[in-house]
Amino acid sequence: ELHDLYPFTPFYAVGREQASDWATDSSQAEEFIPRHWEAASRITFRVKLAGQVTEIDGLAIRDHSFGFRDWAMIRNHRAFVGSFGPAMSFSCLCWQLSNDVYSCYGYVNRHGVEEWTDDAEIVVHALADGITLRGGEAVLRMPSGEEIRITARTAACFLLPHREYMAVDHSVEISCGDLQGGYGDLEVM
């Protein structure tokens, strides 16, 4: 069962419809992804395997998108989402389009208060294959001047084929100042 910590956030818009970046400003936006929503959640379930029962109580990030995606229009991207529970959840995205348009932005939600960044950056620590990560860091620069630094350490990863491109999703353990023991997903293409 998933229990949302906050209401769904529309990731490509601020204030539910006001444009925040190229995804809603660009003439290509309707062709790529008209709507994408995210929510930080608590996930609980019980699993029985080979006679042993395990109870799970953890954190999750879930999303839902509507519409066609033309992944060929993206030259590269990094995406990083995570949650420390009600204290803070976040999402940020850095990407470059095939026409060289570049955008990096995100939001944080702290105790139900959603705030968008002025700027963001995602730095990764890649292995020799170029897409498997040891970890990374996001810096979210807020309108107030605050910089939020979130570090990630890879726990597991899997190949994520999307028709036109290949990415690797990394389940990561995250920390941010006094916030420790969070869960995140760090994706690179």
Side-chain angles (χ1 to χ4, degrees), residues 1-6 9 11 36-47 49 52 54-63 65 74-96 102-142 145-162 165-189:
E1 291 185 17
L2 289 162
H3 309 277
D4 293 340
L5 301 174
Y6 317 116
T9 298
F11 193 55
H36 177 90
W37 301 82
E38 299 179 344
S41 306
R42 178 154 297 282
I43 185 170
T44 57
F45 63 95
R46 183 175 186 208
V47 61
L49 182 63
Q52 183 175 351
T54 302
E55 301 278 339
I56 303 295
D57 183 357
L59 298 171
I61 301 288
R62 63 190 184 108
D63 63 28
S65 297
I74 298 176
R75 181 169 290 158
N76 63 63
H77 90 278
R78 295 174 181 177
F80 190 10
V81 301
S83 180
F84 295 96
M88 186 175 90
S89 293
F90 68 93
S91 183
C92 89
L93 179 65
C94 296
W95 52 7
Q96 180 181 17
Y102 176 80
S103 185
C104 198
Y105 63 94
Y107 70 88
V108 296
N109 194 319
R110 294 182 268 200
H111 300 288
V113 178
E114 181 182 297
E115 184 179 11
W116 288 80
T117 64
D118 274 347
D119 183 34
E121 131 185 27
I122 301 172
V123 176
V124 297
H125 308 287
L127 299 178
D129 65 8
I131 59 173
T132 305
L133 309 180
R134 282 206 173 111
E137 178 181 68
V139 179
L140 307 177
R141 294 178 186 91
M142 307 310 290
E146 176 187 16
E147 282 193 357
I148 300 170
R149 292 183 181 273
I150 304 150
T151 59
R153 187 176 64 81
T154 299
C157 62
F158 61 93
L159 191 61
L160 181 65
H162 283 290
Y165 82 96
M166 212 52 96
V168 176
D169 263 288
H170 300 78
S171 290
V172 293
E173 296 172 8
I174 58 174
S175 61
C176 179
D178 292 338
L179 297 172
Q180 302 292 317
Y183 160 79
D185 182 82
L186 179 56
E187 179 182 295
V188 294
M189 169 184 177

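Keep in mind that the numbers below use all heavy atoms, side chains included, and drop hydrogens, waters and symmetry copies.
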Qualifying salt bridge (Lys or Arg N to Asp or Glu O under 4.0 Å) pairs with a residue from residues 82-94, counting only residues at least two apart or across chains: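 Sorted pair list comes back empty.
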
Pairs touching residues 177-189 that satisfy salt bridge (Lys or Arg N to Asp or Glu O under 4.0 Å), sequence neighbours left out: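 Not a single pair qualifies under salt bridge (Lys or Arg N to Asp or Glu O under 4.0 Å).
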
Kindly write out the residues that satisfy side-chain hydrogen bond (donor to acceptor under 3.5 Å, both in side chains) with [X], not counting sequence neighbours, or none if the list is empty.
| X | answer |
| --- | --- |
| S89 | S83 |
| Q96 | N76, D100 |
| D118 | none |
| T151 | S175 |

Going from [atom1] on [X] to [atom2] on [Y], what distance comes out if it is rounded to the nearest 0.5 angstrom?
| X | Y | atom1 | atom2 | answer |
| --- | --- | --- | --- | --- |
| H3 | T44 | NE2 | OG1 | 3.5 Å |
| R42 | D57 | CZ | CG | 4.5 Å |
| I122 | I150 | CD1 | CD1 | 9.5 Å |
| C157 | D169 | SG | CG | 9.5 Å |

Is atom [atom1] of [X] surrounded by more than 12 heavy atoms (other residues, nucleotides or ligands) closer than 6.0 Å?
| X | atom1 | result |
| --- | --- | --- |
| E1 | CD | no |
| L49 | CG | no |
| Q52 | CD | no |

Partners of H111 by side chain to side chain contact (heavy atoms under 4.5 Å, CB included), sequence neighbours excluded?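 With neighbours one apart ignored, the set is A87.
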
Set of disulfide (SG to SG under 2.5 Å) partners for C104, sequence neighbours left out: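 Listed in chain order: C94.
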
Test disulfide (SG to SG under 2.5 Å) applied to C176 - qualifying residues, sequence neighbours left out: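 Here no residue qualifies.
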
Where [X] and [Y] come nearest, the two heavy atoms and their spacing:
| X | Y | answer |
| --- | --- | --- |
| L5 | P86 | CD1-N, 3.9 Å |
| A152 | L186 | CB-CD2, 4.4 Å |
| A60 | L2 | CB-CD2, 4.0 Å |
| Y6 | G112 | CE2-N, 3.2 Å |

Do L140 and E147 come close enough that some side-chain heavy atom pair is under 4.5 Å?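 Contact flag for L140/E147 side chains = no.
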
Any heavy-atom pair between the side chains of M88 and N109 that's under 4.5 Å?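 Answer no - side chains too far apart.
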
Non-neighbouring partners of F84 that pass ring-ring contact (aromatic ring centres under 6.0 Å, His included), sequence neighbours left out: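 So F84 forms no ring-ring contact (aromatic ring centres under 6.0 Å, His included) with any residue.
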
Report the C-alpha distance between I43 and R62 in whole Å, list the side-chain angles of each, state the deciding distance to 0.1 Å, and finish with yes or no for side chain to side chain contact (heavy atoms under 4.5 Å, CB included). CA-CA 10 Å; I43 185 170; R62 63 190 184 108; over 6 Å; no

So among W116, F80, Y107, which one has a ring pair (Phe, Tyr, Trp, His ring centres under 6.0 Å) with F90?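 Of the listed residues W116, F80, Y107, the ring pair (Phe, Tyr, Trp, His ring centres under 6.0 Å) partner of F90 is F80.
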
Using a 3.5 Å distance criterion without hydrogens, assess whether the side chain of T54 forms a donor-acceptor pair with backbone atoms of V47.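 Flag not set: sc T54 to bb V47 has no pair under 3.5 Å.
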
Show your reasoning for whether side chain to side chain contact (heavy atoms under 4.5 Å, CB included) applies to E115 and I148. CA-CA 12 Å; E115 184 179 11; I148 300 170; over 6 Å; no

Side-chain donor/acceptor pairs under 3.5 Å, residues 124-137, sequence neighbours excluded:
unit_1 : atom_1 : unit_2 : atom_2 : d
D129   : OD1    : I131   : N      : 3.0
D129   : OD1    : T132   : N      : 2.8
D129   : OD1    : T132   : OG1    : 3.4
D129   : OD2    : T132   : OG1    : 2.4
E137   : OE1    : R149   : NH1    : 3.4

Which residues share a salt bridge (Lys or Arg N to Asp or Glu O under 4.0 Å) with R78, sequence neighbours left out: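 So R78 forms no salt bridge (Lys or Arg N to Asp or Glu O under 4.0 Å) with any residue.
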
